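Sharing a structure with you now.
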Number of protein chains: 2
Amino acid sequence: MSARETNPNFMNGVPELLILNLLQQREMYGYEIVQAIRDRTSNVIAVGEGVVYPVLHALERDGALKSRRKTVSGRSRIYYSLTPAGSRRLADLSNTWTNLITAIQKMLTGGQHAPILR
Amino acid sequence: MSARETNPNFMNGVPELLILNLLQQREMYGYEIVQAIRDRTSNVIAVGEGVVYPVLHALERDGALKSRRKTVSGRSRIYYSLTPAGSRRLADLSNTWTNLITAIQKMLTGGQHAPILR
DNA sequence: AATGTTACCTTGTGGTTCTAGGTATCGCAA
DNA sequence: TTGCGATACCTAGAACCACAAGGTAACATT
């Protein structure tokens, strides 16, 4: 219920990280987020709506996001933006993520540096 | 049932990648792999035996690994090493992994570069 | 009138990972 | 010699996230 101690399911939560990161830049709505992730990663990552919407709901339930309805040209959209708690959460996840891929990258690339001592 | 088209569960398979990578350097046994991952990542990643052994079994079943028993000072160990198929699998996973984190990193760091055009 | 796009949503499935156990041998210390 | 910690193997079940696949509805275009 706070910071993870070790690593329960250590590779999860990437969609959440990406979503929080996008919303830090500007408020967006669900459908827009789905396409933004596709676009900015050149289709390398394609999280569907079935991933994005539940994450948005969970984050709002946790107080990390706040939403407001806005109707643009007859289209009703729900715009989400970060709360202070959401900013903290993003910083936290971002740190965890960096540590994680740094560790992995070190393992993958630095295999030959480590002296075996045999 | 072959190469992934888009991204089904795009963040999975990291333990497999780490294990294959270790076994590419030299043959190892399960218990050793568990500690090697802990050690080389300074406890950032701690996959348990409950993760490693099933992965080893699955990889051997798929023909990516071959094993041989060896008894060292009364301790019976099962050493695993890569087959040619395993090497290919490693190269494949490695590529996918690199593309993935490159895309994510670009999203996370390059947020301000992208012109919004509004 | 029909199709495609936008925009929201949920249910159920699936596949990895984790927890939590279990067995057995060895070495060392009490 | 008995007990404990480390070594070394293993598995069954739960947890969990991401996914596929659906469904609704309004707008735009054909």
Side-chain angles (χ1 to χ4, degrees), chain A residues 1 4-19 27-39 41 43-62 65 67-80 93 96-97 100 104, chain B residues 1 4-20 27-39 45-62 65 67-80 93 96-97 100 104:
Chain A
M1 197 172 290
R4 296 167 181 80
E5 293 191 0
T6 42
N7 54 331
N9 238 341
F10 63 99
M11 249 5 222
N12 286 352
V14 176
E16 183 181 322
L17 173 61
L18 295 180
I19 290 171
E27 69 172 4
M28 296 176 84
Y29 55 98
Y31 192 82
E32 186 185 12
I33 292 175
V34 172
Q35 299 180 324
I37 293 179
R38 265 195 256 268
D39 291 350
T41 64
N43 269 295
V44 174
I45 300 172
V47 289
E49 304 174 33
V51 173
V52 169
Y53 286 116
V55 170
L56 288 174
H57 300 334
L59 285 174
E60 183 173 29
R61 198 190 316 119
D62 292 357
L65 297 182
S67 65
R68 64 185 183 106
R69 308 196 78 91
K70 207 162 82 170
T71 300
V72 178
S73 60
R75 303 236 172 241
S76 181
R77 297 169 178 171
I78 304 177
Y79 281 85
Y80 292 89
L93 279 181
T96 305
W97 170 255
L100 222 47
I104 294 175
Chain B
M1 197 171 287
R4 296 166 181 81
E5 292 192 0
T6 42
N7 54 330
N9 239 340
F10 64 101
M11 250 6 222
N12 286 351
V14 176
E16 184 181 324
L17 173 61
L18 296 180
I19 290 171
L20 286 173
E27 70 172 4
M28 296 176 83
Y29 55 98
Y31 192 82
E32 186 185 12
I33 291 175
V34 171
Q35 299 180 325
I37 293 179
R38 263 195 258 269
D39 292 349
I45 300 172
V47 289
E49 304 173 33
V51 173
V52 169
Y53 286 117
V55 170
L56 288 174
H57 299 333
L59 285 174
E60 184 173 28
R61 198 189 317 119
D62 291 358
L65 298 182
S67 67
R68 64 185 184 107
R69 310 195 77 93
K70 205 162 85 172
T71 299
V72 178
S73 60
R75 302 238 173 239
S76 180
R77 299 170 178 171
I78 303 176
Y79 281 85
Y80 292 90
L93 280 181
T96 305
W97 171 256
L100 222 47
I104 294 175

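Order of the sequence lines sets the chain letters (A, B, ...), proteins ahead of strands, with each chain counted from 1. It should be emphasised that the depicted structure is a prediction, and the values quoted were computed from it without experimental measurement.
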Distance check, rounded to the nearest 0.5 Å: B:E16 atom CD versus B:L56 atom CG?
10.0 Å
All salt bridge (charged side-chain N to carboxylate O under 4.0 Å, His left out) counterparts of A:R68, not counting sequence neighbours:
A:E27
Restricting to side chain to side chain contact (heavy atoms under 4.5 Å, CB included), what partner residues turn up for B:V34, sequence neighbours left out?
B:R38, B:E49, B:V52
Rounded to the nearest angstrom, tell me the gap between atom CD in A:E60 and atom P in C:dC8.
12 Å
According to a strict under-4.0 Å criterion, is A:H57 in side-chain N/O contact with OP1 or OP2 of C:dT10?
yes
With sequence neighbours excluded, what pairs up with A:T41 under the side chain to side chain contact (heavy atoms under 4.5 Å, CB included) test?
A:V44, A:I45, B:A103, B:M107
Could you tell me the separation between the CG atom of A:L93 and the CG atom of A:L100, rounded to the nearest 0.5 Å?
11.0 Å
Just the rounded figure in Å: distance from P of C:dT16 to CG of B:D62.
10 Å
Phosphate oxygens OP1/OP2 of C:dA7: is one of them under 4.0 Å from a side-chain N or O of A:Y29?
yes
B:I37 atom CD1 is separated from C:dT17 atom P, nearest whole Å, by 11 Å
B:F10 CZ to C:dG15 P: how many Å, rounded?
18 Å
What is the nucleic acid contact for A:G30, judged by heavy atoms within less than 4.0 Å: base, sugar-phosphate only, or nothing?
sugar-phosphate
Assign B:V52 to base, sugar-phosphate, or nothing according to its heavy-atom contacts below 4.0 angstrom with the strands shown.
nothing
Output the single nucleotide from C:dC9, C:dG15, D:dC10 whose closest atom is nearest the side chain of B:N9.
C:dG15
How long is the line joining CG of B:D39 and P of D:dT7, in whole Å?
11 Å
Can you give one letter per nucleotide of nucleotides 22-30 of chain D, going 5' to 3': B for a protein heavy atom under 4.0 Å from the base, S for sugar-phosphate only, - for none?
----BB---
Quick one: B:N12 CG to C:dT17 P, roughly how many Å, whole number?
5 Å
B:R77 side chain, from C-beta outward: closest of D:dT7, C:dT17, C:dT10
D:dT7
Which heavy-atom pair separates A:V51 from A:P15 by the least distance, and what is that distance?
CG1-CB, 3.9 Å
Nucleotide D:dC9, atom P - distance to CG of B:L56 in whole Å:
9 Å
From the options C:dT17, D:dA18, C:dC9, select the nucleotide whose nearest atom is closest to the side chain of A:I78.
C:dC9
Under 4.0 angstrom, heavy atoms only, what part of the nucleic acid is B:V72 near: base, sugar-phosphate, or nothing?
nothing
Taking ring pair (Phe, Tyr, Trp, His ring centres under 6.0 Å) as the test, write out the residues that go with B:Y79, two or more places apart.
B:Y29
Looking at A:Y31, does any N or O in its side chain come under 4.0 Å of the phosphate oxygens OP1/OP2 on C:dT6?
yes
Per the end-axis method with five pairs at each terminus, what is the bend angle of the helix from C:dA1-D:dT30 to C:dA30-D:dT1, to 10°?
0°
Taking side-chain hydrogen bond (donor to acceptor under 3.5 Å, both in side chains) as the test, write out the residues that go with B:E60, two or more places apart.
B:S67
By ring pair (Phe, Tyr, Trp, His ring centres under 6.0 Å) - contacts of A:Y31 (at least two apart):
none
Rounded to the nearest angstrom, tell me the gap between atom OH in B:Y53 and atom C1' in C:dG22.
13 Å
Phosphate contact (D:dT7 OP1 or OP2) by B:Q35 side-chain N/O below 4.0 Å
yes
With sequence neighbours excluded, residues passing salt bridge (charged side-chain N to carboxylate O under 4.0 Å, His left out) with A:R75:
none
